[in-house]
**Student:** 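First the structure, then my questions, so here it is.
Since this is a predicted model, take the numbers as computed values, not measurements. To find a chain, count down the sequence lines: A is the first, B the second, and so on, and within it residues start at 1.
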Number of protein chains: 2
Amino acid sequence: MAVTLADVAAHAGVSSATVSRVLSGNYPVAGATRNRVLRAVEELEYVVNGPASALAAASSDLLGILVNDIADPFFGIIASAVQGELEGQGQGEGPVPRKLAVVCNTGGSPERELTYLTLLQRQRAAAIVLTGGAVEDPEHSAALAARLRRLAAGGTRIVLCGRPPLSDGQGGGPVPGALLTVAFDNRGGARALTEHLLALGHRHIGYVAGPAERTTTRHRLEGHSAALEAHESFDPARAERLTVHGGGYHRSAGYEGTRVLLHRAPETTAVLAANDTVALGVCAALREAGLRIPEDVSVAGFDDLPFSADASPTLTTVRLPLQEAGARAGRLALGTQPPPRGGVTTIGHELVVRASTAPPRAGG
Amino acid sequence: MAVTLADVAAHAGVSSATVSRVLSGNYPVAGATRNRVLRAVEELEYVVNGPASALAAASSDLLGILVNDIADPFFGIIASAVQGELEGQGQGEGPVPRKLAVVCNTGGSPERELTYLTLLQRQRAAAIVLTGGAVEDPEHSAALAARLRRLAAGGTRIVLCGRPPLSDGQGGGPVPGALLTVAFDNRGGARALTEHLLALGHRHIGYVAGPAERTTTRHRLEGHSAALEAHESFDPARAERLTVHGGGYHRSAGYEGTRVLLHRAPETTAVLAANDTVALGVCAALREAGLRIPEDVSVAGFDDLPFSADASPTLTTVRLPLQEAGARAGRLALGTQPPPRGGVTTIGHELVVRASTAPPRAGG
DNA sequence: CTGTTAGCGCCTTCAG
DNA sequence: CTGAAGGCGCTAACAG
């Protein structure tokens, strides 16, 4: 049916081995022969058969990227940056890069995460980047660690991007091997944000948390708590009352969480959201309740996604360099950049103060 | 190195053909044998070699999805919907779906579009979904049409989602074959939006257009123009002056476009943006200029992305059922749903009026 | 229902 | 520098 190497070889009057060598470019071939082959490739519009070469070479051009929600720019930006690293990467002779990114949307489901890993393993992916917070269920952690370990053993490079280094759920120790990590400092970022609000004078700081059982949620919450605890005004009962658990990462979580919060603690003067998207929902609920931002209530997000600078009011948040993290994860996955000792790269954060936070009202 | 079919066969005491049949499930096998094989698969932790089976079967499990910008929710939502259709799809026996979606980020570049198509062709993708507006350069159109035709001829199903049916740049006729289209009514949507503003009493309606040479940009602009022309107040010179061309689909395009617009036509009482994201930038620029929305200037977007309902003020826009379009494209790509006659499905739109549009000021 | 037998298209020694 | 030959792991007839 399709044109094969042999066809090209015949057309160019050489052996198929020669064509293969010209195409992969990893073996000396005389200039004249080379050109003849290249011309034949052009004329016949030959396109390599990926599966066949993957089989023969026992390697593939696929790079897997697992994301929790492909419709969320948080992941889109990371995925885009990872893909960016594939360009101009190890391309043979043409302008065509060799590697292809496979973006898999897990929807945050542990089962699907495992499923996609199987699929990628089946395709013999060269590397896999897992992005976003992990689910902390011990059973799943163990299953995940086992599978990743097997993949790594099979030569697939694994990079965790935006999630903490893997523990196997047993001893809790890190999984060794070709397992690299690019981590965010979610704790530090959340702590900085809460300290910012405390410094402004807020004492009743609400927190609308993300999905339960996710590392990202836990770490941000821990940073928030750490800041509160370190402050003279700390009151455990109040902190507990002002924290709404178990939301998602969507605006509706912010909206609903805020309604709960306002009902439970009308004295709230500031609300921290699990991320920027949630913060949007928080703002909507506050406005609906007739509260002005930041005059009546301050609001802050997390991540600094592009829309945060355009929100009204512009959103105070913590910037995570997603682009940079993704690019680095991509390079690690491709082996373009040497991994740091210990295999863990921690990416910084930056407090971005905008118009959505201000001191509480005098009577607050 | 890795466990192979033969290993499993030996372990289960059957031939490799039997194992293959059990795994693909498309051939009768005795229950007892079946179980034995399945147990062996478990024990050996066997994972099919995708490339090998793709080679032997001359078919693959890969579904390509081309997007202009993976960090843009517009594409994320579509891609997510396409992927959703792969689930519970033709899975053999396990809980593992067979197909894998390959999301390719073209960044809107025609060359990369072609490049990714080559890569996908190399992988012998089962189907390819191309999303988003196309670039209208005749040369590129011809190259694209040629490549798609070849892919289709090779058995790859091609679905265009959110772009008009392909013309080959020569006769301009549609490319025949396994080429399906799910199109948006960008013209109709834009027209409805402009009519809405005209009905509110606006006569100085600015338009911040998207990237030049893209079908989406042109169609929306045409819809806008059509509405203006059909109205008694039509003034070609004014329409031209109030239209800012050549922006992108990012907020900065809206921001900068609006600054140009305000400078050029301070009498503007309403601004239509190329899409919702651009509208955010429009709002930012208006606010910066001290103009209130919608009291001083009305604003409207296009697409109705999730954040539009949370913007402040909430954004009037045209809702495109992206989710539905993506799902349909996915089904067409998988052959799950029979294509309509002519191969073109047009998806409706819906005018969503929110708080960002209002009648112009009395003196406007 | 199950085993045997050829390839699928390419890569990669090994000779020349 | 180039050609010949074997095999990568699986599927798909074909027998039985």
**Student:** Which nucleotide, C:dG9, C:dC14, C:dG3, lies nearest any side-chain atom of A:R21?
**Tutor:** C:dC14

**Student:** Taking 4.0 angstrom as the limit, do A:R112 and B:E87 come out as a salt bridge?
**Tutor:** yes

**Student:** Does A:S16 place a side-chain N or O at less than 4.0 Å from the phosphate oxygens OP1/OP2 of C:dC11?
**Tutor:** no

**Student:** I need the CG-P distance between B:L5 and C:dT2, as an integer number of Å.
**Tutor:** 16 Å

**Student:** B:L151 versus B:L117: any side-chain heavy-atom pair under 4.5 Å?
**Tutor:** yes

**Student:** Return whichever of A:T33 or B:A52 has its heavy-atom-nearest nucleotide of DNA chain D closer to the 5' end.
**Tutor:** A:T33

**Student:** Which whole-number value in Å describes the distance from B:Q123 CD to C:dG9 P?
**Tutor:** 16 Å

**Student:** B:Y27 side chain: which of D:dC1, C:dT2, C:dG9 is closest?
**Tutor:** C:dT2

**Student:** Does the side chain of A:S15 get closer than 4.0 angstrom to OP1 or OP2 of D:dG3 through an N or O atom?
**Tutor:** yes

**Student:** Would you say A:S20 reaches C:dC11's phosphate, i.e. side-chain N/O to OP1/OP2 under 4.0 Å?
**Tutor:** yes

**Student:** In whole angstrom, give the distance that lies between atom CG of A:N49 and atom P of C:dG9.
**Tutor:** 7 Å

**Student:** I want to verify a distance call: between C:dC8, C:dT2, D:dC1, whose nearest atom is closest to the B:A56 side chain?
**Tutor:** C:dC8

**Student:** Taking any heavy-atom pair under 4.0 Å as a contact, classify A:A30: base, sugar-phosphate, or nothing.
**Tutor:** sugar-phosphate

**Student:** Can you check the A:D61 CG to C:dC10 C1' distance for me, whole Å?
**Tutor:** 13 Å

**Student:** Would a 4.5 Å heavy-atom cut-off, applied to side chains only, mark A:C161 and A:I78 as touching?
**Tutor:** yes

**Student:** Between A:R331 and A:Q337 (side chain of the first, backbone of the second, donor and acceptor by atom type, cut-off under 3.5 Å), is there such a pair?
**Tutor:** no

**Student:** Without decimals, in angstroms, what is the distance between A:L44 CG and C:dG9 P?
**Tutor:** 14 Å

**Student:** Side-chain N or O of B:T18 versus OP1/OP2 of C:dG3: is the shortest distance under 4.0 Å?
**Tutor:** yes

**Student:** Look at the side chain of B:R124 against the base of C:dG9 and say whether a donor-acceptor pair falls under 3.5 Å; ignore hydrogens and angles.
**Tutor:** no

**Student:** Among the candidates C:dC1, D:dG3, C:dC11, find the nucleotide nearest to the side-chain atoms of A:S53.
**Tutor:** C:dC11

**Student:** Salt bridge between A:E43 and A:R39, side-chain N to carboxylate O under 4.0 Å?
**Tutor:** no

**Student:** Looking at D:dG3, D:dC8, C:dC1, which one has an atom nearest to any side-chain atom of A:L55?
**Tutor:** D:dC8

